[in-house]
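Numbers here are sequence positions counted from 1.
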Amino acid sequence: MTPQPDPEAGAAVKAADRAHVFHSWSAQELIDPLAVAGAEGSYFWDYDGRRYLDFTSGLVYTNIGYQHPKVVAAIQEQAARMTTFAPAFAVEARSEAARLIAGRTPGDLDKIFFTNGGADAVEHALRMARLHTGRPKVLSAYRSYHGGTQQAVNVTGDPRRWASDSGTAGVVHFWAPFLYRSRFYAETEEQECARALEHLETTIAFEGPSTIAAVVLETIPGTAGIMPPPPGYLAGVRELCDKHGIVLVLDEVMAGFGRTGTWFAADLYDVVPDLMTFAKGVNSGYVPLGGVAISAEIAATFATRPYPGGLTYSGHPLACAAAVATINVMEKEGVVENAAALGASVVGPGLRELAERHPSVGEVRGTGMFWAVELVRDRETREPLVPYNASGEANAPMAAFAAAAKKAGIWPFVNMNRTHVVPPLNTSEAELKEGLAALDTALSVADEYVR
């Protein structure tokens, strides 16, 4: 893992990108993507030989890091044996991946519908819920992200929805709990939980319970801020759904497969949904794969009634072989346990220590390898370091923080006024401390904007 500088090759890669690649969520002429030469473990490097500790896990998906040799070998072996095959057939890699996933999902979520990623997993989960109940509406939370396809972006609760929201998607948004920025004037976790549940119950009542097919929630919201729900909240949502015959969909695309120090975040709350979506960490993103884990009751709806949906590459053999290898690696190498242990002993304490010394840190929250650092201008008022959905000059403080982090040797996950600490789950203690030291340096830059 010794980067070899090759600026000429990097310039060619960059030129081809700028000439032909259309990037997501971007104004094309205002971006300057880094040309990446290679990656291994928890690091990647550019063509100038600069190496970065990846505190983003790609987009929070390289749960076992880059280029894990056992997963790379499994993909190569599958490619030599059977590169692809149509989804209507029983294929060993697909069957084994489904078996391994079902063996780790909570409750009776034993049927697996494979998709190409998280957004289409959400699309199909909501379609299943509507067909199962015969109802049109879906309730989802503000401060959430569920994907970029049409239905998934409409249940999303952040500004990326706005450009695609025609108001006709059958989606109603509500406030989920978040004590640090409570919408319920709560002062304790208990108050936040009770008032958030009362708000949801009232929303259900006024929307008409008989019109609501599903409530969809990220078990722990990811991109929106890594906000673990207060004790009792998810159990309360489960109770409300049961009371009104509403399907509970938990989105574990980001939180699943060890990210929270458990196989699924739902395990932390002892809650079993009716449908659960997954992707990302299922195979560390090595080949695109997602899916829906389906309860026995909903699966029975389609026992003799055809499910009207499918994808050409559903359960692609290469992706499923990567999932099999990833899950086995995570099991044999104690990756989930490592995330739990180092999250509790290194990341959490390290971030809280940084919070004590840096006035720009308003709150630290998280679990496992899933943490958020809330940056503020004023700790007393909790004014965010940058305004909501800031861009251009208004976002200058966060841009300066991110630039300082990269200069210090880490690639940060930055969203609005937060940085998320979401490294690969098998990052070592020494690497984590290296990253925390770099974060310390970058936070000193953020401190310059404190009032």
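In summary, the side chains of Glu374 and Asn417 do present a donor paired with an acceptor at a separation below 3.5 Å, with no hydrogens or angles considered. Side-chain contact of Asn154 with Arg161: a donor-acceptor pair under 3.5 Å is absent, judged by distance alone. Judged purely by distance below 3.5 Å, without hydrogens or angles, the side chains of Tyr66 and Asp54 pair a donor atom with an acceptor atom. Side chains of Tyr307 and His124: a donor-acceptor N/O pair is present below 3.5 angstrom, by distance only. Side-chain contact, Arg130 with His132: no donor N or O sits under 3.5 Å from an acceptor N or O. For the residue pair Thr62/Ser284, the side-chain donor-acceptor check at 3.5 Å is not satisfied. With no hydrogens or angles considered, no side-chain donor-acceptor pair links Ser144 and Glu218 at under 3.5 Å. A donor and an acceptor atom, one from each side chain of His146 and Thr156, are nowhere located under 3.5 Å apart. A side-chain N or O of Glu333 and one of His68 form a donor-acceptor pair less than 3.5 Å apart. Donor-acceptor pairing under 3.5 Å is recorded for the side chains of Asp251 and Thr277.
Listed for the Arg259 side chain is no donor-acceptor partner under 3.5 Å among the backbone atoms of Tyr61. Here the side chain of Glu363 pairs no donor or acceptor atom with the backbone of Val373 at under 3.5 angstrom. With hydrogens and angles ignored, the 3.5 Å screen pairs a side-chain donor or acceptor of Lys137 with a backbone N or O of Glu207. Remark: side-chain polar atoms of Ser314 are not paired, donor with acceptor, to backbone N or O of Gly310 under 3.5 angstrom. Side-chain atoms of Asn283 come within 3.5 Å of backbone N or O of Ala319 as a donor-acceptor pair. Side-chain N or O atoms of Gln78 include one that pairs as donor or acceptor with a backbone N or O of Met82 at under 3.5 Å. Put simply, the side chain of Arg160 never gets that close to the backbone of Gly147: no donor and acceptor are under 3.5 Å apart. Looking at Ser26, its side chain does come within 3.5 Å of a backbone N or O of Ser24 through a donor-acceptor pair.
By the neighbour-count criterion of 12 heavy atoms within 6.0 Å, atom OH of Tyr313 is sparsely surrounded, having that number or fewer from other residues, nucleotides or ligands. Heavy-atom contacts from other residues, nucleotides or ligands closer than 6.0 Å to CD of Gln28 number more than 12. Within 6.0 Å of atom NZ in Lys111, 12 or fewer heavy atoms from other residues, nucleotides or ligands are found, so the atom counts as exposed in its surroundings.
In this structure the side chain of Gln151 reaches within 4.5 angstrom of the side chain of Val171, judged on heavy atoms. A heavy-atom distance below 4.5 Å is not found between the side chains of Val237 and Glu239. Residues Phe55 and Val422 are not in side-chain contact: their nearest non-hydrogen atoms beyond the backbone lie 4.5 Å or more apart.
Tyr142 and Trp175 have tilted rings, their planes meeting at an angle from 30° to 60° on a 0 to 90° scale. Using a 30° and 60° split on the angle between ring planes, Phe257 and Phe264 fall in the perpendicular class, above 60°. The aromatic rings of Tyr52 and Trp411 sit perpendicular to each other, their planes meeting at more than 60°, with 30° as the lower class boundary.
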Check step by step if salt bridge (Lys or Arg N to Asp or Glu O under 4.0 Å) holds for Arg18 and Asp32. CA-CA 9 Å; Arg18 296 293 66 220; Asp32 185 27; over 6 Å; no
Decide yes or no on salt bridge (Lys or Arg N to Asp or Glu O under 4.0 Å) for Glu201 and Lys243, but give the supporting numbers first. CA-CA 10 Å; Glu201 184 171 27; Lys243 178 180 178 181; 3.6 Å; yes
What do the steps show when you test Lys433 against Glu429 for salt bridge (Lys or Arg N to Asp or Glu O under 4.0 Å), and what is the final call? CA-CA 6 Å; Lys433 289 180 177 178; Glu429 181 174 348; 3.0 Å; yes
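Atom CZ of Arg238 and atom CG of Leu250 lie 8.5 Å apart (nearest 0.5 Å).
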Can you give each donor-acceptor pair under 3.5 Å made by side-chain atoms of residues 88-99, sequence neighbours left out, with the distance rounded to 0.1 Å?
unit_1: Glu92; atom_1: OE1; unit_2: Arg81; atom_2: NH1; d: 2.7
unit_1: Glu92; atom_1: OE1; unit_2: Arg81; atom_2: NH2; d: 2.6
unit_1: Arg94; atom_1: NE; unit_2: Gly315; atom_2: O; d: 2.8
unit_1: Arg94; atom_1: NH1; unit_2: Ala86; atom_2: O; d: 3.3
unit_1: Arg94; atom_1: NH1; unit_2: Phe89; atom_2: O; d: 2.7
unit_1: Arg94; atom_1: NH2; unit_2: Phe85; atom_2: O; d: 3.1
unit_1: Arg94; atom_1: NH2; unit_2: Gly315; atom_2: O; d: 3.2
unit_1: Ser95; atom_1: OG; unit_2: Val91; atom_2: O; d: 3.2
unit_1: Glu96; atom_1: OE1; unit_2: Arg99; atom_2: NE; d: 2.9
unit_1: Glu96; atom_1: OE2; unit_2: Arg99; atom_2: NH2; d: 2.7

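Tested against Ile212 for a side chain to side chain contact (heavy atoms under 4.5 Å, CB included), the candidates Val247, Val138, Ile204 yield a single pass: Ile204.
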